[in-house]
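To start, the structure under review is shown below, and the notes come after it.
Numbered from 1 within each chain, the chains take letters A, B, ... in sequence-line order. Any value given below was found using the heavy atoms of this structure, including those in side chains, with hydrogens, waters and symmetry copies removed.
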There are 2 protein chains.
Amino acid sequence: MPTSIKKPPKQPDKSRRYRGSSGDQRRNERYEQLLGAGLSVIGGQGYAAASVRSICAEAGLTERYFYESFANREALLAEVYKTQTRFLKDRMLAAFEKSERNSAAFARAGLQAFFDTLHQNPDVARLLLFEILGVSDTIDLLYYEAMEEFAVLIRTLTQSLGLADISGVPNQDMIYAGLVGAVLQIARRWALTDYREPVSSVVESSLFLFIAANNYAANSA
Amino acid sequence: MPTSIKKPPKQPDKSRRYRGSSGDQRRNERYEQLLGAGLSVIGGQGYAAASVRSICAEAGLTERYFYESFANREALLAEVYKTQTRFLKDRMLAAFEKSERNSAAFARAGLQAFFDTLHQNPDVARLLLFEILGVSDTIDLLYYEAMEEFAVLIRTLTQSLGLADISGVPNQDMIYAGLVGAVLQIARRWALTDYREPVSSVVESSLFLFIAANNYAANSA
DNA sequence: TACATCTGACATCAACCCATGTCAAAATTT
DNA sequence: AAATTTTGACATGGGTTGATGTCAGATGTA
């Protein structure tokens, strides 16, 4: 056999274009497709029904491309969850920005954004409120971290407003965790009753607990 | 063929004894066995891992006996859940009975019983706090009903004590649901951090929110 | 045109699952 | 003793799953 001069390059050319976009672009598009399909299936039919096959069918992609972006379906769940909590947090922060700088208006704006977002995106609501719990230890930890983030967000905001100095109250972390849990539970109840109550009701009820906690903290400090 | 005079009775004799107990007794024992095994597997490894096989293996029974007592594994989950919420509720009611008849002591006794029970029964905690959500619409509804029951319990007790007349506050149901959610979230956080904090911390933090809500309601009514 | 890469439909594989069925051995009754 | 019921171990069937592999055709490059 003569020494072959032409050595065919085995590594794929990432810059090669296909249907108008590069390899990386196409890869990213597929990733986004899968993320969206994941949210749709998990939020629409539940995580138990979210098999690799069903997600790929929803995304209009082949199973091979699933494993191009995710190690397994739990990895997809984690990414979808992170994406949506970030989305929700951004919406709340944007609402804070626009709000007046006084106690009630501030908290109300954030809560309004929270409930509005869930109301307008039932898939997100089901994912964040129901499907995320009890999947695995890894996912439970993710849930825990997200809750901590929301608690820190609330605490930071109230403190920056100088609403209440609750530094004298013990276990602030827990109390803020409890407030987050209260809002989540009100949201779950709302979702389970098909969002029958007006948004204003769930906002005001949540606000009631926030203000009550702040007042009591201020009085006992 | 001559007319057979002896007609063998096809229906099984329920009063027949076997290993010392009647048919009904044995049936009930198997039922209890399965309930316990269900709690053990679901609470220990999660509902996803709770196959009919694994539950029967844990119970020391054959799969045939599973379907003697339950239509499917979801039916088992429902029964286990009902049993354990009843258990938890009973423990709290017993604590209320023994408590002094004043506001803080009363609420504290109930919360103490709640957290003690979960702490002493991690399987129950995992089942009630994590595994029950997002299984199916039927189970979600069961969760909803249980939360309503706890909310009603709390409301009835505080009202019977004359702690606070919050009849002027709108959406009482929601607010009590929120308080239940706060306690649940504190419990979840506690469980996810391996029960590191002392029981007194979670009790006092929960109590803080209860008293805060009551005080604010009383002042604004 | 000839060649390389990308894509989608589908096959494959072992491992589970639920639910039901079979059957011989054990326990009880007659 | 013989007959009957109960039990436990196991087999079976139809299905789905996760993950990987095959391969012809579409789309690109030279």
Calculate the interatomic distance between [X] atom [atom1] and [N] atom [atom2]; express it in whole Å.
X       : N      : atom1 : atom2 : result
A:Arg30 : C:dC6  : CZ    : P     : 9 Å
B:Glu68 : C:dG21 : CD    : C1'   : 16 Å
A:Gln33 : C:dT7  : CD    : C1'   : 14 Å
B:Glu29 : D:dG8  : CD    : C1'   : 16 Å
B:Arg27 : D:dT6  : CZ    : P     : 13 Å
B:Leu76 : C:dC18 : CG    : P     : 11 Å
B:Tyr65 : D:dT5  : OH    : P     : 14 Å
A:Leu61 : C:dA9  : CG    : P     : 10 Å

query: Which pairs pass salt bridge (Lys or Arg N to Asp or Glu O under 4.0 Å) with one or both residues in residues 129-141 of chain B, sequence neighbours excluded?
result: B:Arg126-B:Glu131
query: Hey, what's the ring geometry for A:Tyr195 with A:Trp190, parallel, tilted or perpendicular (30° and 60° as the breaks)?
result: perpendicular
task: Run the ring-centre check on A:Phe70 versus A:Tyr31 and record whether the distance is less than 6.0 Å.
output: yes
query: What is the per-nucleotide protein-contact pattern of nucleotides 18-23 of chain D, from the 5' end, where B denotes a base atom under 4.0 Å from a protein heavy atom, S denotes such proximity for sugar-phosphate atoms only, and - denotes neither?
result: BBB---
- prompt: Is any side-chain N of the basic residue among A:Asp116 and A:Arg91 closer than 4.0 Å to the acidic one's carboxylate O?
  reply: no
field: NZ/NE/NH1/NH2 to OD/OE distance under 4.0 Å, A:Glu29 and A:Arg26
entry: no
- prompt: Looking at residues 35-46 of chain B, who's got a heavy atom less than 4.0 Å off DNA chain C?
  reply: none
Does the side chain of [X] reach to within under 4.5 Å of the side chain of [Y], using non-hydrogen atoms?
X        : Y        : value
A:Val203 : A:Phe114 : no
B:Ile132 : B:Tyr47  : no
B:Leu153 : B:Leu157 : yes

message: Assess, by modelled atom type and distance only, whether the side chains of A:Tyr144 and B:Thr193 contain a donor and an acceptor separated by less than 3.5 Å.
response: no
